[in-house]
Amino acid sequence: MPLGAGLAFADRYKDNGRVTFTYFGDGAANQGQVYEAFNMAALWKLPVIFVIENNQYAMGTAQKRSTSTEEIHKRGEAFGIPGELVDGMNVLAVKEAGEKAVAHCRAGNGPYILEVKTYRYRGHSMSDPAKYRSKDEVQKMRAEHDPIEQVKMRLIEAKQATEDDLKAVDKEIRDIVAKAADFAQNDPLLDESELYTDITL
Ligand SMILES: Cc1ncc(C[n+]2csc(CCOP(=O)(O)OP(=O)(O)O)c2C)c(N)n1
Ligand SMILES: [Mg+2]
């Protein structure tokens with residue numbers, strides 16, 4: 001969050017019209033540095049959007065057990081930063097909220113908070129046994145609220161795409177991800193001469 005505020009500070013300084021999105025989880029939202037960043041971002045009207053990905057668990061701890069209030073988007077009120085709750089499982093709602101937040105920043109009004117409510121299907125990491133929630137809870141979310149499945153259904157119902165069109169998109173995405181993973185694992189290490197690339201001394 002401070003890094004995001006720092007990037008936004010540079011953009012404001014250069015007056016280049018850019019807006020920074022900085023993402024963090026519901027658990028991460030409880031760190032002190034978040035509120036230091038909020039204060040500076042509000043004070044200097046930085047063009048930064050703080051996106052809280054509220055997936056309802058902080059590692060293995062449910063939000064109710066880790067976070068004092070359910071409404072994390074209201075945590076900017078003390079700093080004069082507007083915030084809103086967004087249905088993170090609804091693609092169009094996320095797009096609309098993002099556009100509104102960007103317009104707010106571009107108009108010179110300073111930071112904006114979006115609490116995007118979503119759900120984490122997988123554990124926090126490979127060593128997470130997921131004993132803190134039931135399999136039914138996860139299954140119900142996947143079956144009834146999955147954002148990708150929902151948007152597929154809407155596109156098909158509105159006859160904007162066929163099942164085959166969407167399968168082709170799936171394949172294209174799988175290929176992109178496979179290529180990226182391959183690049184990440186097999187690309188040679190950078191030469192030392194790259195150390196200062198993009199760094200102004
Ligand atoms: C300052 C700090 N305190 C504690 C931790 C240990 N830690 C790592 S992830 C995590 C919980 C993060 O929760 P959330 O932001 O909701 O992310 P998610 O588990 O949903 O991926 C904690 C407490 C840390 N990495 N840094
Ligand atoms: Mg979380």
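For ligands, and for the atoms within them, numbers begin at 1 and follow the listed sequence. Computation of the quantities below employed the complete heavy-atom set of this structure, encompassing side-chain atoms and omitting hydrogens, waters and symmetry-equivalent molecules.
- Inside a 4.0 Å radius of atom 3 (N) of ligand 1 there is not any protein heavy atom.
- Annotation: atom 1 (C) of ligand 1 to nearest protein heavy atom, Q31 OE1, 3.4 Å.
- Taking every heavy atom of M59 and a limit of under 4.0 angstrom, the matching atoms of ligand 1 come to 7 (N), 8 (C), 9 (S), 10 (C), 11 (C), 13 (O), 19 (O), 22 (C).
- Note that atom 22 (C) of ligand 1 has protein non-hydrogen atoms nearby, at separations under 4.0 angstrom.
- Distance remark: protein heavy atom not present below 4.0 angstrom from atom 6 (C) of ligand 1.
- For atom 15 (O) of ligand 1, the closest non-hydrogen atom of the protein is A28 N, 2.9 Å.
- For atom 25 (N) of ligand 1, the nearest protein heavy atom lies 4.0 Å or farther away.
- Between the NZ atom in K117 and the CG atom in L85 there is a gap of 6.0 Å [rounded to 0.5 Å].
- Under a 4.0 Å N-O distance rule, the pair K100/E84 qualifies as a salt bridge.
- At the shortest separation from atom 18 (P) of ligand 1 among protein heavy atoms lies R120 NH1, 3.3 Å.
- Each of the following atoms of ligand 1 lies closer than 4.0 Å to a heavy atom of D26: 15 (O), 16 (O).
- Taking the Mg ion (ligand 2) as reference, D26 places its N/O/S atom OD1 nearest.
- Looking at E115, its side chain does come within 3.5 Å of a backbone N or O of H73 through a donor-acceptor pair.
- Contact annotation: for Y57 versus ligand 1, heavy atoms closer than 4.0 Å belong to the backbone alone.
- Between Y132 and Y57, the ring planes lie tilted relative to each other; the angle falls in the 30° to 60° range.
- At the top of the distance list for atom 14 (P) of ligand 1, counting protein heavy atoms only, stands G27 N, 3.4 Å.
- Shown here is Q31, whose CD atom has more than 12 heavy atoms of other residues, nucleotides or ligands within 6.0 Å.
- The minimum heavy-atom distance linking K45 with N109 is given by the pair CD-C, 4.4 Å.
- The pair K171-D175 meets the salt-bridge criterion, since a charged nitrogen lies less than 4.0 angstrom from a carboxylate oxygen.
- Close contacts of ligand 1 with H124, meaning ligand atoms under 4.0 Å from a residue heavy atom, involve 9 (S), 18 (P), 19 (O), 21 (O).
- Taking a cutoff of 4.0 Å between a charged side-chain nitrogen and a carboxylate oxygen, K152 and D146 do not qualify as a salt bridge.
- Contact check for T22 versus L3: no side-chain heavy atoms found under the 4.5 Å cut-off.
- Counting protein heavy atoms only, atom 20 (O) of ligand 1 is closest to N55 ND2, 2.7 Å.
- Classification of the Y121-Y119 ring pair by plane angle, with boundaries at 30° and 60°, yields tilted.
- In summary, an N, O or S atom of N55 is located under 2.8 Å from the Mg ion (ligand 2).
- Within a 4.0 Å radius of atom 10 (C) of ligand 1, the protein contributes one or more non-hydrogen atoms.
- Looking only at side-chain heavy atoms (C-beta outward), V51 and V116 come within less than 4.5 Å of each other.
- Distance check for N54 against the Mg ion (ligand 2): none of its N/O/S atoms falls below 2.8 Å.
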